[in-house]
Colleague: 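Here you go, one structure.
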Amino acid sequence: MKRTATCGALRKEDTGTSVILNGWVHRNRNHGGIHFINLRDRYGTTQIVIDQDAEEALRQQAELLKFEYCIAVRGVVRERPDTMKNPAMATGDIEVAASEIEVLSTCKTLPFMIDEESDAKEDLRLAYRYLDLRSEGMQRRIRLRHEFTFAVREYLSREGFYEIETPTLIKSTPEGARDFLVPSRVQPGKFYALPQSPQLFKQILMVSGFDKYFQIARCYRDEDARGDRQLEFTQIDIEMSFVSREDVFRVTEGMFGHVFEKTLAMDLPAAFRRITYADAMNTYGSDKPDLRFDLPIVSFDAFAQKSSFNAFTGALESGGCVKALVAPGCAGYSRKLITELEAAARIYKAKGMAWMKVAAEGFEGGVSKFFNDSFDDITSALNASEGDLIVMVADSWLITCNALGAVRNKLGHDLGLADPKRFEFCWIIDFPLFEYQEEEGRWAAAHHMFSMPQARYLDTMEADPGSVKGDLYDLVLNGYEVASGSIRIHDPEIQKRIFRIVGFSEEEAEERFGFLLNAFSYGPPPHGGIAPGLDRMLMIISEQTSIKEVIAFPKNSVGVSPMDDSPSVVDAVQLKDLHISLDLPDTTETD
RNA sequence: GGGGGCGUAGCGAAGCUGGUUAUCGCGCCGGCCUGUCAAGCCGGAGAUCGCGGGUUCAAUCCCCGUCGCUCCCGCCA
């Protein structure tokens with residue numbers, strides 16, 4: 001019995017039609033005389049009825065149907081009596097009166113119920129992912145993922161971009177994240193790496209003249225997972241020639257505008273807000289600020305300076321800073337709640353968090369005695385009023401920013417200021433090009449070595465690497481970094497200078513990136529690009545906090561796929577073919 | 001590498017400053033039931049309380065170790 005309609009299709013207008021439906025038994029309700037089955041497929045759910053006057057054989061058959069049996073039903077569409085309509089169901093005006101049922105396959109007792117969202121533990125869901133994917137929530141998110149990538153392809157193709165595939169077996173480049181390695185059988189002792197991104201290849205495609213490129217590209221990074229990070233993930237990789245940052249921004253904004261309209265029926269602003277890295281850190285304590293709420297961080301240096309509070313003056317003397325954050329209406333916070341806020345600050349290495357409550361006539365509690373002299377000046381500088389809680393951190397600039405940024409995020413969350421239905425994009429620009437590696441005592445590329453320094457720093461780059469801003473940018477959405485990109489270096493002389501600053505010898509550069517540098521000696525065009533993370537983006541717009549919810553077959557937090565049990569031990573024969581011998585730690589099980 | 005949380009029937013949870021037969025909901029099995037849509041009612045089966053060791057007259061509960069999962073810090077050019 002091949003289906004003539006899907007389980008989401010039938011409406012009042014189909015009354016009287018004879019149909020065949022195929023699907024899974026979602027619910028089965030037997031009332032003795034009358035029998036209801038909710039039949040489910042990708043498209044929806046339709047109520048099947050076996051009436052009291054149906055043939056005895058059919059009624060007995062219905063009795064035997066269990067959860068998730070895959071069945072075919074022949075029947076006639078009929079409108080439900082008015083009082084029996086279900087407005088919560090798309091097909092709730094009708095039902096199908098069954099005349100024949102065929103069991104296509106049976107189903108064992110389920111390890112967990114197929115509900116809208118499963119409440120089973122994640123590992124169990126992943127072990128039975130094929131069942132978990134039947135849930136309404138997973139079905140909806142996988143469909144959203146399809147629609148999203150479809151809209152991306154639609155927009156970029158229309159803008160003249162070519163989708164070009166790049167290899168997934170490539171040369172290992174030790175910079176950046178750890179590579180996943182793939183041994184070569186034919187070349188004993190040699191390894192391919194899986195790409196961390198198509199970075200070098202897309203730049204080479206620019207040299208080849210494909211001046212607008214994109215790819216929905218799988219990337220691999222052998223680093224520990226996080227809620228928003230998976231060791232295997234997908235990015236929308238984009239690169240363009242003869243462009244400036246403005247062109248990359250325009251395409252990205254246009255693309256997401258199109259995608260949000262198509263997938264969420266939502267209008268985005270034509271251009272996204274821009275914040276410099278320094279401003280983002282100073283005001284929001286993060287280079288990926290959540291702009292759905294304000295809660296700005298304010299400098300407290302001036303008040304700290306003239307106070308007699310040693311923890312603050314000490315931080316200033318050692319070159320640090322003091323910053324404050326107003327928690328609106330939180331003067332009633334208990335010691336316990338304040339300690340929880342402090343814990344958020346401590347995660348990011350703050351040694352402590354000072355606080356005081358704003359009362360009508362002065363500060364109360366915590367460190368108030370040091371600052372009551374400046375009550376009016378402080379409340380006006382911080383825009384604080386009675387009933388607020390002021391929290392402060394004194395430390396190095398970076399620790400202070402990060403710590404208060406964490407407190408800000410916690411407050412935004414706890415006070416319900418972060419509306420999950422709002423999507424606040426912003427560009428973070430003017431990133432430093434280099435960062436100093438304390439342990440190694442050298443400068444390193446903050447992003448990667450192929451990003452262009454901004455023109456005004458070209459003369460002073462070697463003299464003061466720390467001050468150099470790159471033509472680098474991130475796209476941030478609701479507190480997550482969702483894309484990162486830059487204008488690349490196409491001038492071999494500038495590239496050589498960058499290598500020198502990060503302590504990369506010409507031999508080393510030649511060994512690792514020789515093919516790229518060589519390509520760049522054959523008329524490379526100026527170019528730049530960006531790479532939005534598809535999974536993370538989908539996670540945010542589907543209001544999830546785990547990236548696993550938008551990936552059909554994700555790995556768990558330790559890189560295992562409980563369904564197919566990868567990674568796994570392999571045959572000695574396979575290893576021998578690959579010229580590999582194992583040197584395992586004692587504790588490792590090898591089955 | 002480090003820190004927090006969790007592990008009790010097929011699933012989700014409760015219990016535990018140590019004490020008879022380990023509780024509840026869902027699912028499963030049997031019965032009843034003519035309009036439900038998380039159907040309802042009655043009955044039943046199902047748990048070496050993650051694993052190992054220790055303390056104790058007595059351990060699901062306390063202690064030590066270990067394994068697994070989960071979130072976070074580090075890491076992620």
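Labels below follow one simple rule: chain letters A, B, ... track the order of the sequence lines, proteins then strands, and each chain is numbered from 1.
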Colleague: For Tyr348(A), answer base if it contacts any base atom (sugar-phosphate contacts may also be present), sugar-phosphate if it contacts only those atoms, and nothing otherwise; contact means non-hydrogen atoms under 4.0 Å.
Modeller: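 Sugar-phosphate contact only - Tyr348(A) comes under 4.0 Å of backbone atoms but never of a base.
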Colleague: Could you tell me how far apart His413(A) (NE2) and C72(B) (C1') are, to the nearest whole angstrom?
Modeller: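 Spelled out: NE2 on His413(A) to C1' on C72(B) is 14 Å.
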Colleague: When you compare C28(B) with G54(B), how far apart are their P atoms, in angstrom units rounded to a whole number?
Modeller: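 Straight-line distance between the two P atoms is 42 Å.
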Colleague: So what's C16(B) paired with, Watson-Crick or G-U wobble, going by both distances under 3.5 Å?
Modeller: none
Colleague: Hunt down the Watson-Crick or G-U wobble partner of G65(B), both distances under 3.5 Å, from any strand shown, or write none.
Modeller: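 Per the H-bond distance test, C51(B).
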Colleague: Would you mind telling me which residue lines up with the more 5' stretch of RNA chain B, Lys66(A) or Lys288(A), judged by nearest nucleotide?
Modeller: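 It is Lys66(A), whose closest nucleotide lies nearer the 5' terminus.
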Colleague: Distance between the C1' atoms of G27(B) and U21(B), in whole angstroms?
Modeller: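 One C1' to the other, the span is 24 Å.
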Colleague: Please confirm whether the shortest side-chain N or O distance from Asn86(A) to OP1 or OP2 of C37(B) is below 4.0 Å.
Modeller: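 Answer no for this pair, as no side-chain N or O of Asn86(A) is under 4.0 Å from OP1 or OP2.
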Colleague: Expressed as a whole number of Å, how far does the P atom of C26(B) sit from that of C16(B)?
Modeller: 23 Å
Colleague: Counting distance alone, no hydrogens or angles: does the base of U70(B) have a donor or acceptor under 3.5 Å from a partner atom on the side chain of Arg226(A)?
Modeller: no
Colleague: Please determine, for the side chain of Phe112(A), which listed nucleotide (C72(B), C11(B), C75(B)) has the closest atom?
Modeller: C11(B)
Colleague: When you compare C24(B) with G46(B), how far apart are their P atoms, in angstrom units rounded to a whole number?
Modeller: 15 Å
Colleague: Does Arg78(A) get its side chain close enough to the base of G35(B), under 3.5 Å, for a donor-acceptor pair?
Modeller: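 A donor-acceptor contact between them is present.
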Colleague: Kindly indicate, with the supporting measurements, whether the criterion ring pair (Phe, Tyr, Trp, His ring centres under 6.0 Å) is fulfilled by Phe513(A) and Phe450(A).
Modeller: CA-CA 11 Å; Phe513(A) 308 114; Phe450(A) 310 108; 5.1 Å; yes
Colleague: Please determine if Glu342(A) and Arg346(A) form a salt bridge, counting it only when a charged side-chain N lies under 4.0 Å from a carboxylate O.
Modeller: yes
Colleague: Classify Thr83(A) by what it touches in the nucleic acid, base, sugar-phosphate, or nothing, heavy-atom distance under 4.0 Å.
Modeller: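 Counting heavy atoms under 4.0 Å across all strands, no contact is made by Thr83(A).
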Colleague: Expressed as a whole number of angstroms, how long is the span from Asn28(A):CG to G35(B):C1'?
Modeller: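 About 15 Å, once rounded to whole Å.
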Colleague: Under 4.0 Å between any heavy atoms, over every strand shown, what does Val49(A) touch: base, sugar-phosphate, or nothing? Just pick one.
Modeller: nothing
Colleague: Given A39(B), is OP1 or OP2 found less than 4.0 Å from the side-chain N or O atoms of Arg27(A)?
Modeller: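 For A39(B), OP1/OP2 do have a side-chain N/O of Arg27(A) under 4.0 Å.
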Colleague: Check whether more than 12 heavy atoms from other residues, nucleotides or ligands sit under 6.0 Å from atom CD of Glu543(A), and answer yes or no.
Modeller: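 Correct, the count exceeds 12.
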Colleague: Rounded to whole Å, please give me the gap between CD1 in Ile114(A) and P in C11(B).
Modeller: 14 Å
Colleague: Looking at C33(B), I'd like to know if its phosphate oxygens (OP1 or OP2) sit under 4.0 Å from a side-chain N or O belonging to His31(A).
Modeller: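 So the side chain of His31(A) is outside the cut-off, no N or O lying under 4.0 Å from OP1 or OP2 of C33(B).
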Colleague: Would Arg497(A) and Glu493(A) pass as an ion pair if we require N to O under 4.0 Å?
Modeller: no
Colleague: Using the C1' atom in both, what is the distance from C71(B) to G35(B), to the nearest Å?
Modeller: 47 Å
Colleague: Expressed in whole Å, how much space separates the P atoms belonging to U8(B) and C49(B)?
Modeller: 11 Å
Colleague: Give Gly33(A) one of three labels, base, sugar-phosphate or nothing, depending on what nucleic acid heavy atoms sit under 4.0 Å from its own.
Modeller: sugar-phosphate
Colleague: Quick one: look up who U34(B) pairs with, Watson-Crick or G-U, both distances under 3.5 Å, and put none if it's unpaired.
Modeller: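 Paired with U34(B), as far as the under-3.5 Å criterion goes, is no nucleotide at all.
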Colleague: For Met84(A), which contact category applies under a 4.0 Å heavy-atom criterion: base, sugar-phosphate, or nothing?
Modeller: base
Colleague: Within the 4.5 Å heavy-atom criterion, are Arg80(A) and Asp93(A) side-chain neighbours or not?
Modeller: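 No, every pair of side-chain atoms sits at 4.5 Å or beyond.
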Colleague: Looking only at the side chain of Ala120(A) (C-beta and beyond, no hydrogens), which of the listed nucleotides C37(B), G12(B), C75(B) gets closest?
Modeller: G12(B)
Colleague: In whole Å, I'd like the distance from the CG atom of Asp565(A) to the P atom of G68(B).
Modeller: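 Distance, rounded to whole Å: 13 Å.
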Colleague: Describe the nucleic acid contact of Glu122(A) in one word from base, sugar-phosphate, nothing, applying a heavy-atom distance below 4.0 Å.
Modeller: sugar-phosphate
Colleague: Can you tell me if Thr109(A) touches the phosphate of C28(B), counting only side-chain N or O atoms and a distance under 4.0 Å to OP1 or OP2?
Modeller: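 Indeed not, no polar side-chain atom of Thr109(A) lies that close.
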Colleague: Tell me the partner of G46(B), counting only Watson-Crick (N1-N3 plus N6-O4 or O6-N4) or G-U wobble (N1-O2 and O6-N3) with both under 3.5 Å; none if nothing fits.
Modeller: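 For G46(B), the partner nucleotide comes out as none, under the 3.5 Å rule.
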Colleague: Any chance NE2 of His31(A) has more than 12 other-residue heavy atoms, nucleotides or ligands included, within less than 6.0 Å?
Modeller: yes
Colleague: Taking atom P of C28(B) as reference, at what distance in whole Å does atom CD of Glu68(A) sit?
Modeller: 11 Å
Colleague: Return the value, rounded to whole Å, for the distance between atom CG of Asp224(A) and atom C1' of G3(B).
Modeller: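 Whole-Å distance recorded here is 14 Å.
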Colleague: What nucleotide, of U36(B), C73(B), C69(B), holds the atom closest to the side chain of Gln47(A)?
Modeller: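 Between U36(B), C73(B), C69(B), the one nearest the side chain of Gln47(A) would be U36(B).
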Colleague: Starting at atom CG of Asp115(A), determine the distance to atom C1' of A38(B), rounded to an integer number of angstrom.
Modeller: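 That distance rounds to 8 Å.
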Colleague: Do we count Phe36(A) as stacking onto U36(B) if the rule is ring centres under 5.5 Å and planes under 30°?
Modeller: yes
Colleague: Would His26(A) and Phe67(A) count as a close aromatic pair, with their ring centres under 6.0 Å?
Modeller: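 Centroid separation for His26(A) and Phe67(A): 6.0 Å or greater.
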Colleague: Look at the side-chain N and O atoms of Lys121(A) and state whether any lies under 4.0 Å from the OP1 or OP2 oxygen of A13(B).
Modeller: yes
Colleague: Can you see if the side chain of Lys349(A) gets near the phosphate of G74(B) - specifically, an N or O under 4.0 Å from OP1 or OP2?
Modeller: no
Colleague: Could you state the CG-C1' distance from Asp51(A) to U36(B), rounded to the nearest angstrom?
Modeller: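 Distance check: Asp51(A) CG to U36(B) C1' gives 13 Å.
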Colleague: Would one find more than 12 heavy atoms of other residues, nucleotides or ligands at under 6.0 Å from atom NZ of Lys85(A)?
Modeller: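 Above 12, so yes.
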Colleague: When the P atoms of C76(B) and C63(B) are considered, how many whole Å apart are they?
Modeller: 38 Å
Colleague: What nucleotide among G27(B), C76(B), U34(B) has an atom nearest to a side-chain atom of Met113(A)?
Modeller: G27(B)
Colleague: Tell me if the OH atom of Tyr192(A) is crowded by more than 12 foreign heavy atoms within 6.0 Å.
Modeller: no
Colleague: Taking a pair as Watson-Crick or G-U wobble with both distances under 3.5 Å, which nucleotide is matched to A39(B)?
Modeller: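 Looking at the geometry, A39(B) pairs with no nucleotide.
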Colleague: Below the 4.0 Å mark, does C69(B) have OP1 or OP2 next to a side-chain nitrogen or oxygen of Lys548(A)?
Modeller: no
Colleague: With nearest nucleotide decided by heavy atoms, which residue, Arg80(A) or Gln52(A), maps closer to the 5′ end of RNA chain B?
Modeller: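 On the 5' side of the pair lies Gln52(A).
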Colleague: Got Phe180(A) and Leu231(A) here, is their nearest side-chain heavy-atom distance under 4.5 Å?
Modeller: yes
Colleague: NA contact type, Ala446(A), heavy-atom cut-off 4.0 Å: base, sugar-phosphate, or nothing?
Modeller: sugar-phosphate
Colleague: Examine the base of C75(B) for any acceptor or donor lying under 3.5 Å from a partner atom in the side chain of Arg221(A), and report the outcome as yes or no.
Modeller: no
Colleague: Contact class for Met89(A) (heavy atom, under 4.0 Å): base, sugar-phosphate, or nothing?
Modeller: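 Result for Met89(A) = base.
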Colleague: Would you mind classifying the nucleic acid contact of Ile347(A) as base, sugar-phosphate or nothing, using non-hydrogen atoms under 4.0 angstrom?
Modeller: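 Ile347(A): backbone/sugar contact only, no base atoms under 4.0 Å.
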Colleague: Taking atom C1' in both C37(B) and U23(B), what distance in whole Å separates the two?
Modeller: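 Pairwise C1' distance, C37(B) against U23(B), rounds to 30 Å.
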Colleague: Respond yes when some side-chain nitrogen or oxygen of Arg29(A) is under 4.0 Å from OP1 or OP2 of U36(B), and no when none is.
Modeller: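 No, no such contact exists.
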Colleague: Can you find a donor-acceptor pair, distance only, under 3.5 Å between Glu95(A) side chain and G35(B) base?
Modeller: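 Answer is yes: a donor-acceptor pair is held.
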